[in-house]
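One structure coming up, written as structure tokens, with questions to follow.
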Amino acid sequence: MVATSTLDMHIETDAPLPTWFGIGGVADRLARPRSLGEVVRCVQSEPDLRVLGDGANLLVDDDGIGELVLALTDAAMTSYTINGATGAVTAMAGANLPRLINETVRTGLAGLEGLAGIPATVGGAVVMNAGGAFGQIADAVARVRGVDRAGNVVTLERREIDFGYRRSGLNDLVITSVELALVPDDREKIRARQKDVMAYKKRSQPMAEPSAGCVFKNPTLAGAIDRIGDAGARVSAGMLIDLAGCKGLRTRGGEGGGAEVSPVHGNFIVTHPGALAREVIDLMGEVKRRVFDRFGVELEPEVVVWRRSS
Ligand code: EPU
């Protein structure tokens with residue numbers, strides 16, 4: 001492996017990894033590429049690098065991460081263009097999704113407003129196929145461009161991408177830009193829909209404390225997947241966690257601090273000042289155990305956990 005010192009790029013050491021949990025370890029080395037060419041060079045020198053998005057769905061273990069981390073924060077990696085007449089949007093992978101949603105709604109383009117309130121970069125949202133009851137980003141994707149682990153620049157059409165519930169099959173691609181196909185429509189209608197989605201979230205989810213949104217994927221109903229395919233026959237993990245009596249479960253009893261299963265929505269773990277990533281991981285394990293004991297359902301994490309591998 002070529003040492004990163006030959007990359008001819010600025011490498012930050014012991015770099016904080018900002019995540020929405022507000023806790024967790026640092027990156028030994030972090031690079032902020034300023035072009036597609038620099039992304040290619042990074043991948044060629046270190047194929048197993050990791051890409052940091054908005055940190056909205058990420059938990060970094062307390063002892064941090066040894067692989068090179070790419071943060072797509074440079075202006076060249078966060079820009080986007082919107083064609084209001086055709087609905088074609090091209091966004092660099094580091095573009096901020098909520099900002100892009102606001103801008104497309106203002107322009108009178110429908111297709112992203114159902115994702116209102118989801119914090120993410122565009123690249124992160126595509127890798128996870130971010131979404132909820134009001135839509136998923138896959139439905140707006142026309143094509144994705146990125147760098148594969150061999151360092152080749154590739155462009156994938158929507159039909160070539162294996163999107164599914166909270167998945168894209170693109171985890172091995174360093175996404176650099178995404179083309180979206182949105183639909184010109186009445187601006188006030190789209191804005192009203194965006195407001196409804198936000199209002200629903202404010203009612204049903206904890207917004208004040210740090211969290212990474214839903215911790216577990218919604219599980220399929222036993223057997224249903226074989227009969228009807230992955231067509232949304234899922235039950236709310238939050239509801240199962242709630243029914244298993246986990247709401248309010250906390251890693252530090254009377255002392256304050258720690259990680260807590262949100263009393264508002266069972267599928268959110270919120271962190272209090274001083275919480276450790278280890279506590280969130282332990283609490284996830286405890287929730288998983290209790291739901292399995294009660295319902296025989298194996299919950300699968302939606303939150304991505306980065307652990308030091310060496
Ligand atoms: N419910 C409970 N107790 C709870 C949570 C939910 O009884 O603690 C019940 C609700 O009352 C409702 C049902 O479960 O009847 C469904 O709840 P909700 O509408 O909150 O939806 P969800 O399936 O729990 C999904 C997404 C969320 C997304 C919402 C709304 C997943 C894993 N979760 O939650 O996404 O915000 O729909 O669109 O797909 C995320 O991905 O980070 C996330 C939060």
Side-chain angles (χ1 to χ4, degrees), residues 19-22 53-59 96-98 101 111-140 163-168 171 190 192-222 224-225 230-250 259-271 280 283-284 286-288 290-292 294-295 297-305:
T19 68
W20 281 65
F21 272 121
D54 202 44
N57 208 31
L58 178 65
L59 180 65
N96 179 270
L97 182 68
I101 295 171
L112 292 183
E113 70 282 1
L115 306 179
I118 297 184
T121 57
V122 169
V126 169
V127 173
M128 303 278 314
N129 187 13
F134 309 101
Q136 55 176 11
I137 198 162
D139 296 333
F163 281 119
Y165 168 78
R166 299 295 88 80
R167 72 177 299 275
S168 67
N171 300 63
I190 308 167
R193 192 152 174 259
Q194 181 190 24
K195 277 199 178 139
D196 286 349
V197 173
M198 284 305 294
Y200 179 83
K201 292 204 177 221
K202 283 201 180 116
R203 269 200 313 277
S204 62
Q205 299 177 3
M207 309 292 269
E209 295 116 322
S211 85
C214 286
V215 169
F216 295 101
K217 295 182 179 184
N218 285 344
T220 50
L221 300 167
I225 198 121
D230 192 355
R234 289 175 182 271
V235 58
S236 166
M239 188 180 69
L240 296 180
I241 294 165
D242 188 354
L243 292 172
C246 299
K247 272 185 172 174
L249 210 61
R250 200 165 172 159
E260 180 185 12
V261 177
S262 167
V264 180
H265 193 295
N267 204 6
F268 281 63
I269 289 181
V270 296
T271 51
V280 176
L283 195 53
M284 285 169 69
E286 181 61 24
V287 165
K288 207 173 135 95
R290 290 194 186 201
V291 168
F292 186 79
R294 178 78 195 273
F295 299 107
V297 171
E298 190 90 47
L299 291 179
E300 193 192 324
E302 177 180 312
V303 162
V304 175
V305 182

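Note that this is a predicted model, so its numbers are computed, not measured. For ligands, and for the atoms within them, numbers begin at 1 and follow the listed sequence.
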What verdict does the side chain to side chain donor-acceptor pair (under 3.5 Å) test give for W20 and D54, after you've listed the backbone C-alpha separation in whole Å, the side-chain angles of each residue and the deciding distance to 0.1 Å?
CA-CA 8 Å; W20 281 65; D54 202 44; 3.1 Å; yes
With R290 as reference, evaluate L249, L240, I241 under the side-chain contact (heavy atoms from CB on, under 4.5 Å) test and give the passing residue.
L249
Hey, mind stepping through L283 and V261 against side chain to side chain contact (heavy atoms under 4.5 Å, CB included) and telling me if it holds?
CA-CA 8 Å; L283 195 53; V261 177; 4.0 Å; yes
Check ion pair K288-E298 (N to O, under 4.0 angstrom):
yes
Within ligand 1, which atoms have a heavy atom of K201 less than 4.0 Å away?
36 (O)
Atoms of ligand 1 under 4.0 Å from any heavy atom of F268, numbered from 1 in the order shown, are 44 (C)
Checking contacts now, so for atom 10 (C) of ligand 1, which I'm interested in, is there any protein heavy atom under 4.0 Å?
no
Is any N or O atom of N267, backbone or side chain, closer than 3.5 Å to an N or O atom of ligand 1?
no
Does atom 22 (P) of ligand 1 have a protein heavy-atom neighbour under 4.0 Å away?
yes
Regarding atom 28 (C) of ligand 1: of the candidates K247, E302, M239, Q205, which has the closest heavy atom?
Q205
Does H265 reach ligand 1 with a nitrogen or oxygen that is under 3.5 Å from one of the ligand's nitrogen or oxygen atoms?
yes
Checking heavy atoms under 4.0 Å, the part of N218 that sits near ligand 1 is both
Among all the protein's non-hydrogen atoms, which is closest to atom 44 (C) of ligand 1, and how far away is it?
C214 SG, 2.6 Å
Ligand 1 atoms in contact with Y200 (distance to a heavy atom under 4.0 Å):
18 (P), 19 (O), 20 (O), 30 (C)
Using a strict 4.0 Å cut-off to heavy atoms of G213, name the atoms of ligand 1 that fall inside it.
42 (O)
Relative to the heavy atoms of R166, which atoms of ligand 1 are at a distance of less than 4.0 Å?
39 (O)
Looking only at protein heavy atoms, what sits closest to atom 3 (N) of ligand 1 is D242 OD2, 2.8 Å
With heavy-atom distances below 4.5 Å as the criterion, would you say the side chains of V127 and N171 are in contact?
yes
Suppose I only count heavy atoms of G132 and a 4.0 Å limit; which atoms of ligand 1 are within that range?
38 (O)
For G238, the ligand 1 atoms whose distance to one of its heavy atoms is below 4.0 Å
3 (N), 4 (C), 5 (C), 8 (O)
Pair K247-H265, side chain to side chain contact (heavy atoms under 4.5 Å, CB included): steps then yes or no:
CA-CA 8 Å; K247 272 185 172 174; H265 193 295; 5.7 Å; no
Within the structure provided, determine whether F163 and S168 are in side-chain contact (heavy-atom separation under 4.5 Å).
yes
Going by the atom numbers of ligand 1, which of them fall below 4.0 Å from some non-hydrogen atom of F216?
32 (C)
Please examine the side chains of E209 and T271, heavy atoms only from C-beta on, and report whether any two atoms are closer than 4.5 Å.
no
Minimum side-chain heavy-atom gap V270-V264 below 4.5 Å:
no
How far is atom 38 (O) of ligand 1 from the closest protein heavy atom, and which atom is that?
A133 N, 2.8 Å
Under 6.0 Å from the six-membered ring centre of F134 and within 45° of its axis: does the NZ or CZ of R193 meet both?
no
K201 vs I118 side-chain heavy atoms within contact, under 4.5 Å:
yes
Quick check: do V304 and M128 have side-chain heavy atoms less than 4.5 Å from each other?
yes
With a 4.0 Å cut-off, strictly under, does atom 42 (O) of ligand 1 pick up any protein heavy atom?
yes
Would you say G266 and ligand 1 have an N/O pair spaced under 3.5 Å apart?
yes
Looking only at protein heavy atoms, what sits closest to atom 24 (O) of ligand 1 is S236 OG, 2.8 Å
Contact (N/O only, under 3.5 Å) between K217 and ligand 1
no
So, E302 side chain and E300 main chain: donor-acceptor pair closer than 3.5 Å or not?
no
Is N129 reaching over with its side chain to a backbone N or O of G164, donor-acceptor style, under 3.5 angstrom?
yes
Look at atom 39 (O) of ligand 1 and say which protein heavy atom is nearest, naming residue and atom and giving the distance to 0.1 Å.
Y165 OH, 3.1 Å
Backbone or side chain, does any N or O of A237 fall under 3.5 Å from an N or O of ligand 1?
no
Is it the side chain (CB and beyond), the backbone, both or neither of W20 that lies under 4.0 Å from ligand 1, heavy atoms counted?
neither
